[in-house]
Student: 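My structure is below; once you've seen it, I'll send some questions.
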Amino acid sequence: MTRVLVVLAITASLGGLFLWGLLRGSPDREVESARLNRQVISFDLPLYPRFQGTFGPTLNLATELNDKPVIVNFWATWCGPCYDEAPHLQAAWQRYQDDVLIIGVQTQDRGKRVEGEAFLDRFGITFPNVIDDDSRVSIDYGLFGVPETFFVRRDGTLLYKHTGPITLDKLEEKIAELTAS
Amino acid sequence: MMRRVLLLALIALLAPLPTGFAQTDDTVAMGEQLEARVFEISRKLRCPTCVSESVADSNAGISIEMRNEIQAQLQAGASEAEILAFFQDRYGDWILLEPPRRGIHLVVWWLPGIALAAGVIGLTTLMVRWTRNAQQATHEAQADDADLARVRAALQGDSETSS
């Protein structure tokens, strides 16, 4: 009887472990940023021409951080969820542009300028967007995929990383934290 | 005279050829060596956008860019440890396919050994117990004097009947 119970317990444990492995989804996508509460790496990337009148030919993160906290959103034209979140980012920009700077970074999308322009047109994006053609900045930010959004305090440290499409509610919650810090 | 001038001109033309070929061979060999090093290091890194694939095995855009970064750093004179630290600094320990031998990661290194030892001890204990039980059962099944006497009597009866 004891032997049967031991065999049953081992089988149940292994079965439970197997089921947990199957049902736990894609936890790798939710890995916390290695840069959390540390200084993010600055970048200096070329801007889409439509934003150059305000910011110049390139946008430097370190320079912009002198002024206000920054939200860095990584996107690509082939990424479906990026289309879902773009209107939320534009809405947040219209409401909070005096408090934070939102920067769009087109990444992992080499050479897709025309498609990038079409993306910006489609959602009437008015916050600055830069081009990370060789994905170097996406490596610097430890990107797992797109979209990902980074909330950077004025002192250059990372407050929060959001994986996947972001909503206006989440943006407002984190903007409140950014401006309070 | 003319023939000698032509011969000298021909020698002058052909002379640089072996050196040129040697330089090309060296460049190719260096390129192959560099490529091998890039793949050797990228095999130790996990592709960020794939499932259970190394940067060396993946053709995802980010993996290609990571291999380019490794190549650039190797050409700049960085060591393997420096390159792995560069990616670890950006992605955390997650990016390393072989977990570092420190902290909580030690569990990954020690657990197989502990599990194996526990398995061996468990099996040995079970086998000893089963053998002992079997011996005890055999011992308990041994015939007593009365049984033996009955068997002897029965055998004796059989032999008398047959004679």
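So that the names make sense, note that chain A is the first sequence line, chain B the second, and so on, each numbered from 1. Keep in mind that the numbers below use all heavy atoms, side chains included, and drop hydrogens, waters and symmetry copies.
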Student: For B:E65, is it the side chain, the backbone, both, or neither that has a heavy atom closer than 4.5 Å to a heavy atom of chain A?
Tutor: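 Backbone plus side chain of B:E65, per the 4.5 Å heavy-atom cut-off to chain A.
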Student: Do B:N68 and A:R136 have side chains that get closer than 4.5 Å, going by heavy atoms?
Tutor: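 When only atoms from C-beta onward are counted, A:R136 and B:N68 do not touch, as no gap falls below 4.5 Å.
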Student: In Å, rounded to the nearest 0.5 Å, how long is the span from CZ of A:F144 to SG of B:C47?
Tutor: 10.5 Å
Student: Got A:S138 and B:I62 here, is their nearest side-chain heavy-atom distance under 4.5 Å?
Tutor: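 Yes, side chains in contact.
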Student: More than 12 non-hydrogen atoms from neighbouring residues, nucleotides or ligands closer than 6.0 Å to CZ on B:R37, yes or no?
Tutor: yes
Student: Side-chain contact, heavy-atom cut-off 4.5 Å: B:R90 with A:L143?
Tutor: no
Student: Within a strict 4.5 Å, meaning less than it, do heavy atoms of the A:D134 and B:E69 side chains meet?
Tutor: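 Contact flag for A:D134/B:E69 side chains = no.
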Student: Looking at B:D145, I'd like to know if its CG atom is crowded, meaning that more than 12 non-hydrogen atoms belonging to other residues, nucleotides or ligands lie closer than 6.0 Å.
Tutor: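 Result for CG/B:D145: open.
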Student: If you draw a 6.0 Å radius around CD in A:Q39, do more than 12 non-hydrogen atoms from other residues or ligands fall strictly inside?
Tutor: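 Enclosed: over 12 neighbouring heavy atoms sit under 6.0 Å from CD of A:Q39.
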Student: Do B:W94 and A:I41 belong to the same hydrophobic cluster, where Ile, Leu, Val, Met, Phe, Trp and Tyr are linked whenever their side-chain heavy atoms lie under 4.5 Å apart, directly or via other members?
Tutor: no
Student: Would you give the length of the straight line joining atom CG of B:D89 to atom CZ of A:R38, rounded to the nearest 0.5 angstrom?
Tutor: 4.5 Å
Student: Applying a strict under-4.5 Å side-chain criterion to I, L, V, M, F, W and Y, I'd like to know whether A:L45 and A:L65 cluster together.
Tutor: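 Yes, because A:L45 and A:L65 connect within a single hydrophobic cluster, where side-chain heavy atoms sit under 4.5 Å apart.
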Student: Grab the two heavy atoms, one from B:G92 and one from A:A34, that are nearest each other, plus how far apart they are.
Tutor: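 For B:G92 and A:A34, the tightest heavy-atom pair comes out as N-CB, 3.4 Å.
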Student: Would a 4.5 Å heavy-atom cut-off, applied to side chains only, mark A:D140 and B:F86 as touching?
Tutor: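 With C-beta onward as the side chain, the pair touches.
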Student: Please check if A:F123 and A:L168 belong to a single hydrophobic cluster, counting links between Ile, Leu, Val, Met, Phe, Trp and Tyr side chain heavy atoms closer than 4.5 Å.
Tutor: no
Student: B:F39, B:V55: one ILVMFWY side-chain cluster at the under-4.5 Å cut-off?
Tutor: no
